[in-house]
Amino acid sequence: MTKLWGGRFVQHAEEWVDAFGASISFDQQLVEQDIEGSLAHVKMLGKSNILSEEEVIEITNGLKILRDKAKKGELEYSVALEDIHLNLEKMLIDEIGPVGGKLHTGRSRNDQVATDMHLYLRKEVKEILEAIATLQSVLVNKADQYVETIFPGYTHLQRAQPVSFAHHLMAYFWMLERDFQRFEESLKRINISPLGAGALAGTTFPIDREYSAELLGFDGIYENSLDAVSDRDFILEFLGDASILMTHLSRFCEELILWSSQEFQFIEMDDRFATGSSIMPQKKNPDMAELIRGKTGRVYGDLFGLLTVLKGTPLAYNKDMQEDKEGMFDAVKTVKGSLKIFAGMIETMQVKDANMQKAVSEDFSNATELADYLASKGLPFRQAHEVVGKLVLTCIQQNCYLLDLSMETYKEASELFEEDIYDVLNPKTVVARRNSAGGTGFAQVEKAIEKGKTILEAKNL
Ligand code: ARG
C-alpha cells in the first residue's frame with residue numbers, strides 16, 4: 001500500500017517489516033481520542049482562517065462519520081498504515097476526498113499522539129478515582145459492622161497487641177485515600193495540551209493552541225514545543241501512582257490469603273470469589289486475591305518498562321516512544337479490574353469474628369497492657385517490661401495465659417499488682433483503652449469511620 005508519507009521513498013518495506021513497526025494493533029484503543037483531537041484541531045484551523053469554512057464543514061462531517069463507524073465497530077484498520085493516526089487520515093480521505101488531506105495542516109503525529117494519550121489518561125484516571133472511592137465505601141461499611149470485633153494485631157507477623165478489626169480495615173481506607181489524592185493531583189499535569197507543538201518546533205501556520213486546548217477541555221497548553229512532544233512524565237506518574245495503589249492492594253491480598261488459611265481462619269472468601277482444585281476436592285483457594293497480588297508485578301513492570309524506554313532518548317520524538325502505550329493500557333486495565341474485584345471480595349467475605357475473639361484470648365497480646373499498668377503505678381517502664389516478660393515466661397512454662405495466673409503469682413512478681421489486673425488484661429479493655437488519636441480504641445475507630453464517610457460524601461465524582 002502506498003504510504004501517506006511515501007513521497008521521498010523509492011522502495012517500500014516488506015509486510016513483515018511494516019508489521020514490526022506498526023502500533024495499530026494496540027493504539028486503535030485511542031480512536032475516540034484521536035477523532036476528538038482532530039475535531040478540535042480542524043475547528044481551530046477554521047477559526048484561524050487556515051482552512052475555509054467549507055473545508056472545515058467537510059472534514060468535520062467526515063470525522064463524525066468515522067466516529068459513528070468507530071462506535072459501531074465498523075472501522076477496518078490496516079497494518080500497512082502503521083498507526084491509528086494514519087489509518088484515520090486515510091479513511092477520512094476515502095470518505096470525503098482529497099480535502100481530508102488538509103486536516104493534518106499545522107500538526108504532526110507527534111503532537112497528535114501526545115494529545116490522544118493526555119485525553120485517554122484523563123478519562124481513565126477519572127474512572128479509576130470512582131473505582132477507588134467505591135472500594136473505600138465498601139471498606140467503611142464493612143468497618144462499621146466490626147468496630148467491636150477484636151482480633152490480633154501483628155508486628156513481624158507475631159501477635160503484638162489486639163486491635164479492632166474495623167481499625168485494620170480502616171488502615172486500608174486511608175492508604176486508598178492517599179492513592180485517590182495522588183491520582184486526583186496528577187490530573188493537573190495530565191490535563192495540558194500538547195496539540196499544536198507540531199513535530200517538535202511549532203508551525204508556520206497562525207494556529208491558536210489556546211483555542212484547541214479549550215475545545216478539548218484542557219486547563220492549559222505546554223509552554224515548550226519540544227517538551228510537549230517529548231514528555232511522557234504524565235504516563236510515568238500514572239504508572240507510579242498505579243504501582244503504589246497496587247502495592248496497597250497486594251499487601252491487603254496477602255492478609256486476606258493468610259486469614260483464609262486453615263491456620264488463621266479469620267475470614268472465608270465468598271464462593272463467588274474463590275476457586276476449587278481440579279484434584280483436591282476439599283480445596284477453596286483465594287485465587288482472586290492471589291491474582292491481584294501477582295498482577296501488582298505486572299504494573300511494576302509497566303512502570304519500569306517505560307522508565308527504561310525513556311532514559312536514553314534524546315529530544316524530541318523517537319520511535320522508542322511508541323513503546324509507551326501497551327504498558328499504559330495494561331496498567332489501566334489491571335488497576336480497574338483489580339479495584340472492582342477487590343470491592344466484591346471485601347463486600348462478600350465472611351468475617352469469622354468468633355475465631356478472631358478466640359485468637360486474642362489465647363495469646364500474649366495483652367502483655368503490653370500489663371507493663372503499662374505497672375508503669376502507670378510508677379515503676380520505670382523498663383523494669384515493668386522485665387517483670388511482665390518473666391510472667392510471660394512462667395505462663396509458657398505452665399502452658400497457660402496471663403489471665404490464668406493467680407493473684408498470688410502476680411503479687412510475687414510485683415506488689416503493685418491489684419485485683420483489677422484481670423479486667424485490665426481483658427482484650428476488650430485492652431483495645432478500648434488505646435484511645436489516643438488514631439489509635440484502635442473503639443471511640444477512635446468510630447470517629448475515623450465517621451470521618452471516612454464525610455470524606456466520601458465530599459468527593460465530587
Ligand atoms: N505510532 C506512533 C507512536 O505511537 C505515532 C507517532 C509517530 N511519529 C513519528 N514521527 N513516527 O508513537
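Here the structure is a predicted model, which is why all the values come from computation and not from measurement. Counting convention: from 1, in listed order, for ligands and their atoms alike. Quick note: residue numbers are just sequence positions, from 1.
The shortest heavy-atom contact between G439 and V445 is O-CG2, 4.2 Å.
When only non-hydrogen protein atoms are considered, atom 5 (C) of ligand 1 lies nearest to D83 OD2, 3.4 Å. What sits closest to atom 10 (N) of ligand 1 on the protein, heavy atoms only, is N110 OD1, 3.1 Å. Scanning the protein heavy atoms around atom 4 (O) of ligand 1, the nearest turns out to be K325 NZ, 2.5 Å. Of all protein heavy atoms, the one lying nearest to atom 11 (N) of ligand 1 is R109 NH2, 3.6 Å. Atom 6 (C) of ligand 1 has Y317 OH, 3.5 Å as its closest protein atom, hydrogens excluded (heavy atom only).
When ring centroids are compared, F180 and W174 stay outside the 6.0 Å threshold.
Applying the 4.0 Å criterion to heavy atoms of Q322 picks out, from ligand 1, the atoms 1 (N), 2 (C), 3 (C), 4 (O), 12 (O). Ligand 1 places these atoms under 4.0 Å from at least one heavy atom of S23: 1 (N).
When each of Y146, F264, F266 is tested with F151 by the rule ring pair (Phe, Tyr, Trp, His ring centres under 6.0 Å), just one qualifies, namely F266.
Polar contact with ligand 1: absent for K319 (N/O pair, distance under 3.5 Å). Annotation: H85 places no N or O atom under 3.5 Å from an N or O atom of ligand 1; distance criterion only.
With sequence neighbours excluded, the residues forming a salt bridge (Lys or Arg N to Asp or Glu O under 4.0 Å) with E82 are R109, K319, listed by chain and number. Residues passing the ring pair (Phe, Tyr, Trp, His ring centres under 6.0 Å) test with H167, sequence neighbours excluded: none.
With Y211 as the aromatic partner, K43 does not meet the cation-pi criteria of under 6.0 angstrom to the ring centre and within 45 degrees of the ring axis. In this structure, R434 forms no cation-pi arrangement with F442, as its terminal cationic atom is not both closer than 6.0 Å to the ring centre and no more than 45° off the ring axis.
Note on ligand 1: Q112 sits outside its first shell, no heavy atom being nearer than 4.0 Å.
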